[in-house]
Student: 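Quick one: structure below, then a few questions.
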Amino acid sequence: MTPGPITTLFIAIVVLVLGQQCVKHVRFLREFNIPVPVVGGLLATLVVTALRGFGIEITFFGGLQEPFMLVFFASVGLSANFGLIRAGGSKLLIFFALVVGLLILQNIVGVGIATLFGLSPVMGLLGGSITMSGGHGTGAAWAEVFTNNYGVESAMALAMAAATFGLVFGSLVGGPTASFLIRRARKKGMKIESDDQADVADLAGKDERTDVGSMIRVLCCLFAGLVAGTFFHGVLENTPFSLPTFVWVLFSCVIIGNVLRISRIYHVNDDANNTVGNVALSVFLALALMNLKLWDLANLALPMLVILMVQVALVFFYTTQVTFRVMGGGYDAAVLVAGNCGFAMGATPTAIANMQAVTERFGPSRLAFIIVPVVGGFLIDIANALIIKGFLFFT
């Protein structure tokens with residue numbers, strides 16, 4: 001049984017509505033910031049799995065996933081404001097370098113453990129930075145690449161399971177880790193307070209109303225990036241510069257957005273861009289999760305669980321022993337650790353929620369709330385794509 005594109009899209013939207021209701025009424029889902037499409041999509045997967053037990057096999061139309069995925073990554077690229085990088089100064093660049101180091105270590109751990117279990121290194125990458133620092137969106141995008149190019153049939157199921165695991169543990173670990181660092185420093189007699197003199201500009205975007213006109217202009221920019229990215233992918237395919245289409249789309253929109261800002265031809269309406277991107281991501285994830293085959297996970301559950309538990313230990317050790325110390329060992333560094341734990345195992349919203357929980361208890365950290373959204377919002381996606389490509393080249 002294969003529903004057509006219109007029916008498949010309708011079911012995906014129904015899945016999102018069901019996910020909204022579940023998140024609204026289930027406290028656990030709200031507290032751990034579990035995304036609406038993940039909740040709804042997993043419910044749909046369970047229904048499809050149950051129907052399979054009764055001999056009813058459902059395969060949803062798959063041609064809709066890529067367009068929505070590309071629009072999401074286009075919105076990520078369009079939001080990449082290089083002016084924000086200048087605002088964060090040297091501390092932002094240092095923090096970004098630390099994040100890149102963790103991305104590399106996450107993949108070394110994933111590939112290493114997968115190899116020990118006799119699995120393909122590609123499986124280890126799915127439990128590495130693809131899902132840990134990339135989250136559900138990046139995980140689903142690379143899962144399609146691995147399924148189409150490497151024959152990993154269970155890639156999507158593994159990616160969604162790993163990303164959900166990371167999201168929960170990113171929420172669990174971030175706040176307590178920062179609180180532990182603050183209390184330990186106080187016991188040693190250190191004065192922990194925010195660096196109020198941090199040289200960080202307040203770059204709140206221009207207040208522009210989100211209306212039909214602004215949405216159309218943003219869509220024009222996004223689809224220009226889609227066209228350019230698709231073109232570069234086709235031209236450079238089967239060359240050393242070959243990258244998945246969504247990566248080229250992301251890069252294209254980074255260029256488009258910053259050229260428009262620097263030339264002042266058009267001020268990108270961030271609210272409109274984020275709205276389009278969030279809707280595209282939600283539909284893409286719902287479509288991807290609806291087609292999960294949970295039965296493919298049976299033989300890979302133990303190796304993936306080992307990889308993920310080691311990743312949790314790695315993030316805790318790295319952020320407390322490296323990130324905290326390099327970023328100065330003060331209060332701002334502790335709040336940055338909370339954010340780092342959030343997007344190193346989950347997503348930027350998890351990072352922000354972790355930092356809010358810490359600052360509500362111990363006091364504000366203006367520096368952290370500038371650095372983390374910039375690094376977690378777009379810099380990490382750009383770096384992650386290049387690092388993953390590098391690991392694939394050597395595996």
Side-chain angles (χ1 to χ4, degrees), residues 28-29 31-35 37-39 41-43 45-46 48-49 102-147 150-177 285 288-289 291-320 340-347 350 354 384 387-388 391-392 395:
F28 168 83
L29 299 176
E31 288 185 348
F32 288 103
N33 300 299
I34 306 298
V38 172
V39 175
L42 289 177
L43 287 175
T45 301
L46 292 174
V48 170
T49 303
L102 183 54
L103 292 175
I104 295 171
L105 288 175
Q106 285 179 325
N107 287 325
I108 291 174
V109 166
V111 170
I113 296 177
T115 303
L116 288 176
F117 276 98
L119 300 174
S120 166
V122 170
M123 308 298 289
L125 290 176
L126 282 173
S129 71
I130 289 178
T131 54
M132 291 294 94
S133 294
H136 290 86
T138 302
W142 280 103
E144 287 203 348
V145 174
F146 290 167
T147 299
Y150 295 86
V152 184
E153 294 298 330
S154 57
M156 187 65 73
L158 287 171
M160 294 301 98
T164 302
F165 176 96
L167 201 64
V168 172
F169 275 84
S171 299
L172 285 173
V173 171
T177 299
L285 287 178
L289 287 162
N291 273 319
L292 281 188
K293 294 178 174 59
L294 293 179
W295 49 91
D296 288 340
L297 285 174
N299 297 327
L300 297 169
L302 178 60
M304 186 58 69
L305 182 60
V306 172
I307 291 173
L308 296 177
M309 293 305 298
V310 174
Q311 295 288 12
V312 172
L314 169 66
V315 170
F316 176 80
F317 176 82
Y318 187 90
T319 56
T320 56
N340 198 176
C341 289
F343 64 68
M345 289 186 288
T350 304
N354 286 350
N384 204 11
I387 289 169
I388 293 164
F391 271 84
L392 287 173
T395 55

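Counting from 1, the numbers follow the sequence of the chain as shown.
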Student: Side-chain polar contacts of residues 302-314 - donor-acceptor pairs under 3.5 angstrom, sequence neighbours left out - could you list them?
Tutor:
from	atom 1	to	atom 2	distance (Å)
Q311	NE2	Q106	O	2.9
Q311	NE2	G127	O	2.9

Student: Tell me the closest heavy-atom pair linking C341 and V173, and the distance in Å.
Tutor: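 In terms of heavy atoms, the two residues are closest at SG-CG1, 4.1 Å.
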Student: Step by step, work out the side chain to side chain contact (heavy atoms under 4.5 Å, CB included) result for Y150 and L392.
Tutor: CA-CA 11 Å; Y150 295 86; L392 287 173; 3.8 Å; yes
Student: Minimum heavy-atom separation for L102 to A344, with atom names?
Tutor: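 Closest approach of L102 to A344: CD2-CB, 3.7 Å.
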Student: Find out whether I388 and F391 are in side-chain contact, i.e. whether some heavy atom of one side chain is under 4.5 Å from a heavy atom of the other.
Tutor: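 Sidechains of F391 and I388: no contact.
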Student: Considering all heavy atoms of both residues, which atom of G135 and which atom of A163 are nearest to each other, and what is their separation?
Tutor: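 Shortest heavy-atom contact: C-CB, 3.9 Å.
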Student: Considering residues at least two apart in sequence or located in another chain, which fulfil the ring pair (Phe, Tyr, Trp, His ring centres under 6.0 Å) criterion with F317?
Tutor: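 Ring pair (Phe, Tyr, Trp, His ring centres under 6.0 Å) list for F317, sorted by chain: empty.
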Student: Calculate, to the nearest 0.5 Å, the distance between atoms CG and OG1 belonging to L158 and T131 respectively.
Tutor: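 Between atom CG of L158 and atom OG1 of T131 there are 9.5 Å.
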Student: Any idea which heavy atoms bring G139 and A159 closest together, and the distance?
Tutor: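 Where G139 meets A159 most closely, the heavy atoms are O-CB, 3.6 Å.
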Student: How would you list all residue pairs meeting side-chain hydrogen bond (donor to acceptor under 3.5 Å, both in side chains) that involve residues 108-120, not counting sequence neighbours?
Tutor: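 Matches after skipping sequence neighbours: none remain.
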Student: To the nearest 0.5 Å, how far apart are CE in M156 and CD in E144?
Tutor: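 CD of E144 is found 4.5 Å from CE of M156.
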Student: Locate the shortest heavy-atom distance separating T319 from V315; write the atom from each residue and the value.
Tutor: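 For T319 and V315, the tightest heavy-atom pair comes out as OG1-O, 2.7 Å.
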Student: Quick one: ring pair (Phe, Tyr, Trp, His ring centres under 6.0 Å) partners of F316, sequence neighbours excluded?
Tutor: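 In terms of ring pair (Phe, Tyr, Trp, His ring centres under 6.0 Å), with neighbours along the sequence ignored, F316 is linked to no residue.
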Student: Mind checking side-chain hydrogen bond (donor to acceptor under 3.5 Å, both in side chains) for S129 and listing every partner two or more places apart, or none if nothing turns up?
Tutor: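 Once residues adjacent in sequence are excluded, the partners of S129 under the side-chain hydrogen bond (donor to acceptor under 3.5 Å, both in side chains) criterion are N107, N384.
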Student: With sequence neighbours left out, what residues match L116 under side chain to side chain contact (heavy atoms under 4.5 Å, CB included)?
Tutor: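 Residues passing side chain to side chain contact (heavy atoms under 4.5 Å, CB included) with L116: none at all.
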Student: With sequence neighbours excluded, what pairs up with A155 under the side chain to side chain contact (heavy atoms under 4.5 Å, CB included) test?
Tutor: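 With sequence neighbours excluded, A155 shows a side chain to side chain contact (heavy atoms under 4.5 Å, CB included) to L126, A143, F146, T147, V152, given in chain and number order.
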